[in-house]
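Beneath this line is the structure, given in structure tokens, with notes to follow.
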Amino acid sequence: MLQGDEVVRALLAAVATLEDLVKVGRDSQMALSALEEIAFELGKMDSTESRRFVEALERVAAAEPDRAAWIQDVPSALGIERI
């Protein structure tokens, strides 16, 4: 694990929790708004930052094979173009 991967893991935990809240309907609008804000902020990344973020996601996915597919799908779920 490289420096900064902890931040990616924390972000993934937040995204997973918010997605669950959207699905169960409890506070779903607030959870959806939070996901949209995360997507908006991540969408501000330049191409280098975006590439490094995706590389970090790939490292985390490799370390967590049970969640790898979900982790690798996070950028597209948040509307972030993979570079």
Side-chain angles (χ1 to χ4, degrees):
M1 184 165 48
L2 294 177
Q3 183 179 11
D5 287 1
E6 297 86 1
V7 173
V8 171
R9 288 180 186 277
L11 178 64
L12 291 171
V15 169
T17 300
L18 291 167
E19 284 182 347
D20 287 346
L21 288 172
V22 168
K23 291 176 189 171
V24 298
R26 181 174 181 178
D27 299 322
S28 62
Q29 188 56 48
M30 188 174 1
L32 184 58
S33 293
L35 284 169
E36 290 171 348
E37 182 66 21
I38 290 170
F40 175 75
E41 293 299 330
L42 291 175
K44 293 178 182 178
M45 292 184 294
D46 64 28
S47 61
T48 300
E49 293 167 327
S50 182
R51 187 187 79 254
R52 289 190 350 226
F53 177 64
V54 170
E55 288 170 354
L57 286 173
E58 293 294 334
R59 286 191 301 274
V60 172
E64 299 186 31
D66 292 345
R67 296 187 334 145
W70 177 80
I71 291 169
Q72 292 167 336
D73 190 50
V74 165
S76 65
L78 294 174
I80 299 167
E81 189 174 317
R82 291 180 74 128
I83 296 175

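Computed from a predicted model, the values in this text were never measured in an experiment.
In this structure, the separation between CD1 on I71 and CZ on R59 is 12.5 Å, given to the nearest 0.5 Å. The CG atom of L35 sits 10.0 Å away from the OG1 atom of T17 when rounded to the nearest 0.5 Å. Atoms CZ and CG, from R51 and D46 in turn, are 9.5 Å apart once rounded to the nearest 0.5 Å. Atom NZ of residue K23 and atom CG of residue L32 lie 13.0 Å apart, to the nearest 0.5 angstrom. Note that the CG atom of L11 and the CD atom of E6 stand 13.0 Å from one another [nearest 0.5 Å]. One distance of note links CD of E36 with CD of Q29; it measures 7.0 Å at 0.5 Å rounding.
Between R9 and A63, the closest heavy-atom pair is NH2-CB, 3.7 Å. Between A61 and A68 the shortest heavy-atom distance is O-CB, 3.5 Å. When all heavy atoms of V8 and A56 are compared, the closest pair comes out as CG2-CB, 3.6 Å. Residue A31 comes nearest to L18 through the heavy atom pair CB-O, 3.6 Å, listed as atom of the first residue, atom of the second, then distance. Summarising the geometry of P75 relative to L57, their closest heavy-atom pair is CG-CD1, 3.4 Å, with the distance given to 0.1 Å.
If you run side chain to side chain contact (heavy atoms under 4.5 Å, CB included) between W70 and each of D73, D66, V74, only V74 comes through.
Salt bridge status for K44 with E41: present, with a side-chain N to carboxylate O gap under 4.0 Å.
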message = Please evaluate residues E64 and L12 with respect to the criterion side chain to side chain contact (heavy atoms under 4.5 Å, CB included), reporting the C-alpha separation (whole Å), side-chain torsions for both, the decisive distance (0.1 Å), and the verdict.
response = CA-CA 12 Å; E64 299 186 31; L12 291 171; 5.9 Å; no
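No path of Ile, Leu, Val, Met, Phe, Trp and Tyr side chains, each step under 4.5 Å between heavy atoms, connects F40 with I80, placing them in separate hydrophobic clusters.
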